[in-house]
Amino acid sequence: MDNKLLDGKAISAEMREELKVRVAALKAKDVVPGLGVLLVGDDPASRSYVTAKEKACEHVGIHSEEVRLPADATRDMILSVVNQYNSDPKINGILVQLPLPDGQMEQDVIAAIDPNKDVDGFTPVNIGRMQLGLPAYLPCTPHGILHMLKRSGHSPAKKHVVVVGRSNIVGRPLANLLTLKNALGNATVTLCHTGTPDIGVHTRQADIIVAAAGRPNTITGEMIPEGAVVIDVGVNRVEDASKPRGYRLVGDVDFDAALPKVAAITPVPGGVGPMTITMLLYNTVLAAEQVLERETAS
Ligand code: GUN
């Protein structure tokens with residue numbers, strides 16, 4: 001049964017070892033990749049993601065700095081930190097943890113990030129480049145899913161992938177990347193969302209299902225065809241008095257019902273989550289390499 005599990009931790013560990021080699025090559029040229037983190041407010045989930053990202057940086061040799069602002073921080077306070085990171089040569093990548101307490105500021109804050117330091121791949125410049133199939137910093141969760149599928153032998157090429165969820169961070173960029181004609185894409189894609197009358201009609205025709213709706217049990221057993229590959233992006237906290245923290249993490253898929261039917265499935269936690277963090281490291285190392293390239297070329 002266990003061999004059905006797509007082990008995001010193992011694939012991440014493999015990729016992080018590859019990144020360590022690239023970091024060592026940069027350090028031999030006196031370059032230390034640097035990530036600047038901004039956390040606004042004290043949402044416990046955001047805090048724990050940021051801590052995990054900073055620990056992962058340390059593990060591969062990336063320098064990280066963090067600024068925390070209170071939940072009532074003004075737009076100017078937030079933009080001032082972004083601009084500080086934009087002009088700091090020690091910082092190659094900028095991570096503004098989302099969601100911001102005031103969601104209305106989000107697009108302005110993202111647009112203020114220097115596209116060359118946009119290691120989340122969220123700025124309009126990088127999203128546009130991605131859509132066109134040009135070199136770009138790709139958003140970490142979709143990019144991590146593509147690498148996970150490829151490295152686990154479940155290439156999406158020529159397959160029908162049904163993505164459930166249309167967020168700017170996961171569903172829509174993933175659907176877009178999967179359609180590109182390259183080594184990680186070349187799939188036929190259906191994108192379902194809350195406006196889709198019957199999501200099961202679509203998922204039952206899928207070779208690969210990606211659940212990124214942010215709601216437990218969005219994908220039930222009867223929505224999954226025999227032999228499908230299931231990628232569960234959901235990280236939902238559900239109350240569980242038997243756990244020391246009072247909650248447990250579940251995905252968007254009914255895992256127990258899915259397991260007997262699938263060819264492969266990602267666990268939650270330990271599936272997509274570690275890949276997201278690894279791709280942030282990947283983009284930060286790439287950003288540092290590109291600074292060096294630009295300096296050498298000029
Ligand atoms: N919030 C949830 N996922 C992400 C992510 O990949 N990057 C940032 N910055 N915030 C997030």
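One-based numbering, in listed order, for ligands and for the atoms of each. Throughout, residue positions are numbered sequentially from 1 according to the sequence presented. Every value quoted in this text rests on a predicted model; they were computed, and no experiment measured them.
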S.K.: Is there a donor-acceptor contact under 3.5 Å linking the side chains of Arg172 and Asn168?
M.R.: yes
S.K.: Give the other cluster members for Leu132, using side-chain heavy-atom distances under 4.5 Å between Ile, Leu, Val, Met, Phe, Trp and Tyr residues; answer none if it is isolated.
M.R.: Leu134
S.K.: Under a 4.0 Å heavy-atom cut-off, which residues neighbour ligand 1?
M.R.: Lys53, Leu95, Val96, Gln97, Leu98, Asp120, Phe122
S.K.: Please collect all side-chain hydrogen bond (donor to acceptor under 3.5 Å, both in side chains) contacts where either partner lies in residues 178-192, sequence neighbours excluded, each pair once.
M.R.: His160-Thr190
S.K.: Looking at Lys159 and Asp207, is any side-chain nitrogen of the basic one under 4.0 Å from a carboxylate oxygen of the acidic one?
M.R.: no
S.K.: Can we say Arg75 and Asp108 salt-bridge, meaning some charged N sits less than 4.0 Å from an Asp/Glu carboxylate O?
M.R.: yes
S.K.: Enumerate the residue pairs fulfilling side-chain hydrogen bond (donor to acceptor under 3.5 Å, both in side chains) with a member in residues 276-288, sequence neighbours excluded, ordered by first and then second residue.
M.R.: Ser12-Thr278, Arg16-Thr278, Thr141-Thr276
